[in-house]
Amino acid sequence: MSLFTAVEMAPRDPILGLNEQFATDKNPLKVNLGVGVYFDDNGKIPLLECVQLAEKELISKPTARGYLPIDGIAAYDSAVKALVFGGASEAVTSGRIATVQTLGGTGGLKVGADFLKKLLPNAGLLISDPSWENHRAIFTQAGFNVGTYGYYDAVNKGIDFPAMMKSLNDAPRQTIVVLHACCHNPTGYDISQEQWDQVIEIVKNKELTPFLDLAYQGFGSGLAEDGQVVGKFIKSGMNFFVSTSFSKSFSLYGERVGALSVVCTDKAECDRVLSQLKIMVRTNYSNPPIHGGSVVAHVLNTPELRALWEEELGEMRVRIKLMRSMLVAGLKDAGVKANMDFITDQIGMFSYSGLAKDQMVRLRNEFGVYGTDSGRMAVSALNTKNVKHVADSIAKVMA
């Protein structure tokens with residue numbers, strides 16, 4: 001008998017599995033709105049000019065490729081702190097934020113999950129309903145019993161904030177709460193700054209453990225605006241976690257550039273926490289890779305390249321908003337009677353379309369338009385050449 005006789009076939013990843021189906025689709029009009037990737041108007045992943053310039057400068061001064069420190073490139077970690085928390089933030093200048101370079105935002109979540117399981121072995125954990133599918137998987141694999149807090153209001157196409165507050169209020173002390181800092185994935189709906197104040201108050205009063213996922217900073221309203229909630233948590237005086245990703249904002253998906261930051265009470269506590277985070281990294285992948293982190297650090301620490309990056313990031317943000325408007329207009333032109341303006345109320349790379357599973361299946365099978373069964377679509381993959389086909393196809397499955 002084989003050692004693996006009892007091994008079951010795992011279900012396909014709900015998003016990456018769509019890519020496999022999309023790749024074999026023969027429809028010449030096929031559109032992949034499943035994966036969370038930004039494409040330009042030509043349907044290509046852009047190579048940002050700031051990245052190209054940074055790479056040229058780095059190549060002009062070649063260095064040996066030895067192992068990095070466990071926590072990554074020092075200049076990178078410092079740049080992450082300055083970007084996420086503000087360089088002049090007391091939490092940064094006092095040295096009470098522990099930051100490690102990770103394998104993308106997913107790696108940041110995983111390192112944080114492993115540390116929290118060691119720190120709070122009996123704690124429960126809540127993610128939003130719905131949330132990014134991998135949130136549940138990451139924390140489940142780390143050993144947590146993952147529950148949900150109320151978030152999406154399917155009937156009114158928005159946020160069920162009372163349900164969210166009730167879930168948090170009912171959560172036991174030290175429950176870990178995974179919060180989308182901006183550009184909620186998958187719904188595209190963010191709570192307001194006033195609502196964040198209420199969330200922070202209840203999280204603090206109930207002694208919950210906040211874990212912010214900041215994967216889309218700059219894709220919503222701007223770098224400062226999208227990171228505003230981090231400042232609110234700093235002011236609250238709580239300890240909290242922040243996972244950061246540069247996959248989208250630098251268009252460096254395959255480089256796996258991310259970070260985990262833990263806000264501590266003082267520097268001595270920070271040093272102890274960092275020592276434990278290093279153990280998590282060491283026993284997972286030993287130390288991070290060089291190239292992607294070097295590029296991001298060089299851009300963030302070079303004023304001219306930093307300015308160029310912000311300009312390019314702004315162009316991506318504006319184009320996504322344009323695609324939302326064009327999709328809504330296209331749906332109206334295609335004869336959709338329902339009010340679809342909520343699509344332009346959403347923010348970031350994704351839209352919760354409100355379509356049911358059977359409609360999403362029809363979109364794939366009959367029209368080559370790929371989104372998840374939940375109705376989530378990546379509007380960042382729309383362009384002026386495919387948006388009419390997408391709108392017309394949606395109209396047909398809604399008829």
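The residues of the chain are indexed from 1 along the displayed sequence. In this text, all values refer to a predicted model and were calculated from it rather than measured experimentally.
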Considering only heavy atoms from C-beta outward, does the side chain of [X] approach that of [Y] to under 4.5 Å?
X      : Y      : result
Met316 : Leu313 : yes
Gln174 : Asn122 : no
Met326 : Thr384 : yes
Ser128 : His180 : yes
Phe246 : Leu83  : yes
Phe39  : Lys44  : no
Phe250 : Val299 : yes
Leu168 : Val177 : yes

From [X] atom [atom1] to [Y] atom [atom2], the distance as rounded to the nearest 0.5 Å:
X      : Y      : atom1 : atom2 : answer
Leu363 : Ser393 : CG    : OG    : 6.5 Å
Met340 : Leu327 : CE    : CG    : 7.0 Å
Ile191 : Cys182 : CD1   : SG    : 12.0 Å
Ile45  : Leu252 : CD1   : CG    : 10.5 Å
Asp190 : Gln195 : CG    : CD    : 10.0 Å
Arg272 : Cys264 : CZ    : SG    : 8.5 Å

Is atom [atom1] of [X] surrounded by more than 12 heavy atoms (other residues, nucleotides or ligands) closer than 6.0 Å?
X      : atom1 : answer
Lys232 : NZ    : yes
Lys385 : NZ    : yes
Glu133 : CD    : no

Transitive ILVMFWY cluster of [X], excluding itself - 4.5 Å side-chain cut-off:
X      : answer
Val318 : none
Ile59  : none
Tyr370 : Leu18, Phe22

Here's one to test your reading of the geometry: is the NZ or CZ of Lys157 within 45 degrees of the ring axis of Phe342 and under 6.0 Å from its centre? yes

With sequence neighbours left out, what residues match [X] under ring-ring contact (aromatic ring centres under 6.0 Å, His included)?
X      : answer
Tyr151 : His184
Phe233 : Phe240
Tyr352 : Tyr152
Phe241 : Phe211

Output, in order, the C-alpha distance, side-chain angles, deciding distance and verdict of salt bridge (charged side-chain N to carboxylate O under 4.0 Å, His left out) for Asp114 and Lys110. CA-CA 6 Å; Asp114 287 348; Lys110 172 60 175 170; 3.1 Å; yes

Looking at Asp170 and Lys166, is any side-chain nitrogen of the basic one under 4.0 Å from a carboxylate oxygen of the acidic one? yes

Without hydrogens or angle criteria, can the side chains of [X] and [Y] be said to hold a donor-acceptor pair below 3.5 Å?
X      : Y      : answer
Arg317 : Ser221 : no
Gln346 : Ser351 : yes
Asp40  : Asn383 : no

With sequence neighbours left out, write down each residue that passes side-chain hydrogen bond (donor to acceptor under 3.5 Å, both in side chains) with [X], or none if nothing qualifies.
X      : result
Arg173 : Glu207
Arg376 : Asn185
Asn239 : Thr265
Glu255 : none

Give the C-alpha distance, both sets of side-chain angles, the deciding distance and a yes or no for salt bridge (charged side-chain N to carboxylate O under 4.0 Å, His left out) between Glu366 and Lys396. CA-CA 10 Å; Glu366 297 179 29; Lys396 290 172 182 175; over 6 Å; no

Between the side chain of [X] and the main-chain N/O of [Y], is any donor-acceptor distance below 3.5 Å?
X      : Y      : value
Asp25  : Asn27  : yes
Lys204 : Ser236 : yes
Asn32  : Ala378 : no
Arg324 : Ile343 : yes
Thr102 : Gly104 : yes

Evaluate the side-chain contact (heavy atoms from CB on, under 4.5 Å) criterion for residues Val295 and Leu58: first the C-alpha distance (whole Å), next the side-chain angles of each, then the deciding distance (0.1 Å), finally the verdict. CA-CA 8 Å; Val295 170; Leu58 291 171; 4.0 Å; yes

Could you tell me how the ring of Phe139 sits relative to the ring of His135: parallel (under 30°), tilted (30 to 60°) or perpendicular (over 60°)? tilted

Would Asp373 and Arg364 count as a side-chain contact (heavy atoms from CB on, under 4.5 Å) if you check the C-alpha gap in whole Å, the side-chain angles of each, and the deciding distance to 0.1 Å? CA-CA 10 Å; Asp373 288 348; Arg364 293 197 295 268; 2.9 Å; yes

If you apply the rule side-chain contact (heavy atoms from CB on, under 4.5 Å), what do you find for Thr106 with Arg256, and how did you get there? CA-CA 9 Å; Thr106 303; Arg256 311 309 300 135; 3.8 Å; yes

Before you tell me yes or no, could you show the steps for Asp129 and Arg136 under salt bridge (charged side-chain N to carboxylate O under 4.0 Å, His left out), namely the whole-Å CA-CA distance, both residues' side-chain angles and the distance that decides it to 0.1 Å? CA-CA 11 Å; Asp129 182 18; Arg136 180 179 296 279; over 6 Å; no

Can Arg306 and Glu310 be said to form a salt bridge (charged side-chain N to carboxylate O under 4.0 Å, His left out), step by step? CA-CA 6 Å; Arg306 168 66 182 260; Glu310 293 193 23; 2.7 Å; yes

Under 3.5 Å donor-acceptor pairs involving side-chain atoms of residues 285-293, not counting sequence neighbours:
{"residue": "Ser286", "atom": "OG", "partner": "Arg282", "partner atom": "NH1", "Å": "2.3"}
{"residue": "Asn287", "atom": "ND2", "partner": "Leu68", "partner atom": "O", "Å": "3.4"}
{"residue": "His291", "atom": "NE2", "partner": "Glu55", "partner atom": "OE2", "Å": "2.8"}

The test is side-chain contact (heavy atoms from CB on, under 4.5 Å); show your working for Ser245 and Tyr216 and say whether it passes. CA-CA 7 Å; Ser245 171; Tyr216 304 98; over 6 Å; no

